[in-house]
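Working notes, beginning with the structure itself.
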Amino acid sequence: MNAARPVKEKRTASFAFDFLYKYGTIITVVVLIAVFGIMADNFLNPSNIINILRSISIVTIIAVGLTVSLSVGGFDLSVGSTASLANALVISMFVWHGQNIGIGIGLTLLFCLAVGLVNAFLVINFKIDDMLMTLATMFIFQGVALTYTRGATISQNMIMPNGDFATGKIPAVFGKIGQVPWIIIIMVLVVVVVHLFLTYTKHGRYMYMIGGNREAAALSGIPVSRYRLVAYLVSALFAAIGGIMLGARVMTAEVNSGGPYLMDAVAAAFIGYSVFGAGRPNALGTFVGAVLIGILQNGLIMLSVPYYAMDIVKGSVLALALALTYYKKRS
Amino acid sequence: MNSTETTTTETAVATPASTPLLQMKNISISFPGVKALSNVDFQTAAGTAHALIGANGAGKSTLMKILAGAYTHYEGEIWMEGREVHIRSPKEAKDYGIQVVYQEVDTALIPSLTVGENIMLDRMVHDMKGKWLVRWNELHKEAQSVMERMNIGIPSRKAVKELTLAEKQMVLIARAVSRQCRILVLDEPTAPLSHSETEQLFMLVRKLKEEGVSVIFISHRLPELYEICDEITIMRDGQHIITDQIVNLEQGSVVEHMLGTKMEQQFPKTEKSVGEVVFEARGIVDPGKVNHVDLQIRKGEIVGLAGLVGAGKTELCRALFGASATATGDILLNGRKLRLSSPHAAVQQGIALVPEERRREGVFVEEAVSANLTATVLSRFTAWGSWLSSSKEKQAAQEMIDSLGIKTPNEKARVRNLSGGNQQKVAIGKWLLADADVYIFDEPTKGVDVGAKRDIFKLVHELAERGKCVLYATSELSEIIGITDRVYVMYDGAVIQELETSSTDEEEILLYCTGGGLT
């Protein structure tokens, strides 16, 4: 009833809110920069800004993969575990098996695509809710990574189970990936490519349509299962890239190293919904979300907020961003 | 639209009571920038059924929402039995005995709870202050007795999620009458119901009338109003147009009042030639749903698929479109056998389906009108591989919006903001761009107002004129008669009769629809 009318009604009544919805996240970022800039002397130093970008690059790449899975209405909770697995695999390729950089990275990516394949197979064929299924596979792949490393940290010259020292070396070039400027360049590249893909290509449009209404997408002749499979492959691929870059940055493979990135990635992706009023998962928004989290973390450290209190602030900001997004959805 | 020879089962006995049960006087309401109702008068008497009708957007629902206490900022007065009342919240409305059963029954029920719990829901919420324990046996006994009073035969301990749509509606009505109920508003209650279910509902309404309840009945199906209602009020553009005894107004003039113009020919009249068989289905079986269906459609032919709700029309349509994983049988297009493993394959091979549940299956409500219209043929709007060309897309969308007369601010507006009829047009427009060979329509006029219906009929006709095959599935028999060339009648999952439309009528089709004529 009154079908044409609510448009007008909303326009006038909640203009202020629309503005807040569209630019709220950006405003928050700007305000945070201003506050930290004033309160902490070194915050606006170019070196600190690069520091922030470096610190968010791995989260961003993993979160962009997650964004792709969200775009088809999925939810890949296993990205953290996949990153751990990738980290363990790539370092072990060098340290245990003495492989060169190409084979090391190539095999790692291949294994992680298999992870995506497993996720897609389970989610699509058993019609189980994506979040529940990937919660299960999150444990599985975390366990696979742990079993593979036998619960130990992999590093150069580590002691092998038979008592010898590992002889493989991590190539120096590999370490470059985890350093400025490459780590930042790769991140920007990933964000831009995925954003263009989702926004301006046929495939991206199809993915959003599947995410918006799977049934209607299927009846429109869109090969839904194929695109969902692709989404989980892409998600696993970017999680793997994130894990590899993590390995390059720390040059070791800690136990469950990718795990902590999961929640930050989820937060970044969901904050990204509201950026520029997109109202749906998008790579650019995810990047802004990651920047927001990165600035918060960095600024709070500079202000000497104890590390154990930081999650309170991070959680609060996420709650605020979600409130913005979902309040809009309801109205 | 058929003639007005309707079977008026009861003579209108609404003796104008000295003080009507409900009087709404000079009701006006504005939403920012828009006057939704202006000076509307409405009144009903106890023990009568009052039809409230109007095209989509006429303000019926808004008026009823005011009565139900959904809006607080209306102007005007509401009187009940000669006393002025102030209804400013749903709870106050319920306290005055005003109960509303909305069209979307699922939003008002809790599927995981039992029938009894749902019926007694209000009481469990409002009358449990200070109490901790629920006496289940008592609750179910009471719910059962309410249903018995209404002749509803649903076990109280059954879970609501296991009920059919019609049964859910009964449960909602039972809930309404379990409380004090003086005025019962039924918002398009019959839209999803089959004929026998509608009959059952009407029996319930008659029962309520006997008990002195005033029933306000909103519906787009005009013939049935004559069967159940005593009085009629017609609204248009937020204004009250006319109130009269329903027997005094014939269907044609009701439609005129709704539209504000003289009704044009509802169904387009054209002479078109029908060619050779293009589409053929042989032995379509979908276990438990479709039972050995054979059908043929010739070039430029509109073939009706008649049948009551639940006869298997939707299931057959989906099977022909490759949307059922369990369906088997041969489908031939131009003599070539198709492999329809999925809707994707069907679209590739030139088959289009406009599904019944357009909001759920037909459109993407969060997407722009243009994105919806181009969804089926997006590849045509790309440059260098998969890159979308927004100018090409915009142009195609704009042409489709113009040719279908879709009422939208622009092609970027979200489909969510369009009215039901316009959403349906988007769902159809999506397939016009696709340029398929075979078009399958499943209840395309469901919930669509008279004006938009006419547009849809015109569209279907134009498709046939362009030499397409059209399969038109509906339970509205007047549409079968009005628009098709030939009709297959379905009953219990099987096609039981094939008829030439020119040599049959609604009565005969209905006979077969209900399983009659079978020996």
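Because only heavy atoms are used, hydrogens play no part in the values below, and waters and symmetry mates are left out as well, while side chains stay in. Every chain is numbered from 1, with letters handed out A, B, ... down the list of sequences.
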### Task
Under 4.5 Å, heavy atom to heavy atom: which of residues 114-131 of chain A reach chain B? Give them by number, or say none.
none
### Query
Contact part of B:K430 toward chain A, heavy-atom cut-off under 4.5 Å: side chain, backbone, both or neither?
side chain
### Query
Contact part of B:Q349 toward chain A, heavy-atom cut-off under 4.5 Å: side chain, backbone, both or neither?
neither
### Message
As an exercise: rank B:L388, B:V377, B:V347, B:V354 by heavy-atom pairs under 4.5 Å with chain A and give me the winner.
### Response
B:L388
### Interface residues of residues 201-209 of chain A facing chain B - heavy atom cut-off under 4.5 Å
A:T201, A:K202, A:H203, A:R205, A:Y206, A:Y208, A:M209
### Part of B:V363 within contact of chain A (heavy atom distance under 4.5 Å)
backbone
### Summary
OG (B:S386) and OH (A:Y200) are apart, to the nearest 0.5 Å, by 16.0 Å
### Interface moiety of B:N422 toward chain A, non-hydrogen atoms closer than 4.5 Å
neither
### Query
Are there more than 12 heavy atoms of other residues, nucleotides or ligands under 6.0 Å from atom CZ of A:F111?
no
### Task
Select one option (side chain, backbone, both, neither) describing which atoms of B:T382 are under 4.5 Å from chain A's heavy atoms.
side chain
### Message
Show every salt bridge (charged side-chain N to carboxylate O under 4.0 Å, His left out) that has at least one partner inside residues 279-293 of chain A, sequence neighbours left out.
### Response
A:R280-B:E367
### Query
Pick from B:N372, B:V365, B:T376, B:L353: which one has the most heavy-atom pairs with chain A under 4.5 Å?
B:T376
### Message
As an exercise, state the distance from CG of B:L378 to CD1 of A:I222, rounded to the nearest 0.5 Å.
### Response
8.0 Å
### Query
Using a heavy-atom distance cut-off of less than 4.5 Å, which residues of residues 213-221 of chain A contact chain B?
A:N213, A:E215, A:A216, A:A217, A:A218, A:L219, A:S220, A:G221
### Query
Side chain, backbone, both or neither: which part of B:T374 has a non-hydrogen atom closer than 4.5 Å to chain A?
side chain
### Message
Which atoms of B:A371 are under 4.5 Å from chain A, going by heavy atoms: the side chain, the backbone, both sets, or neither?
### Response
both
### Message
Tell me whether B:K412 at atom NZ has more than 12 heavy atoms from other residues, nucleotides or ligands lying less than 6.0 Å away.
### Response
no
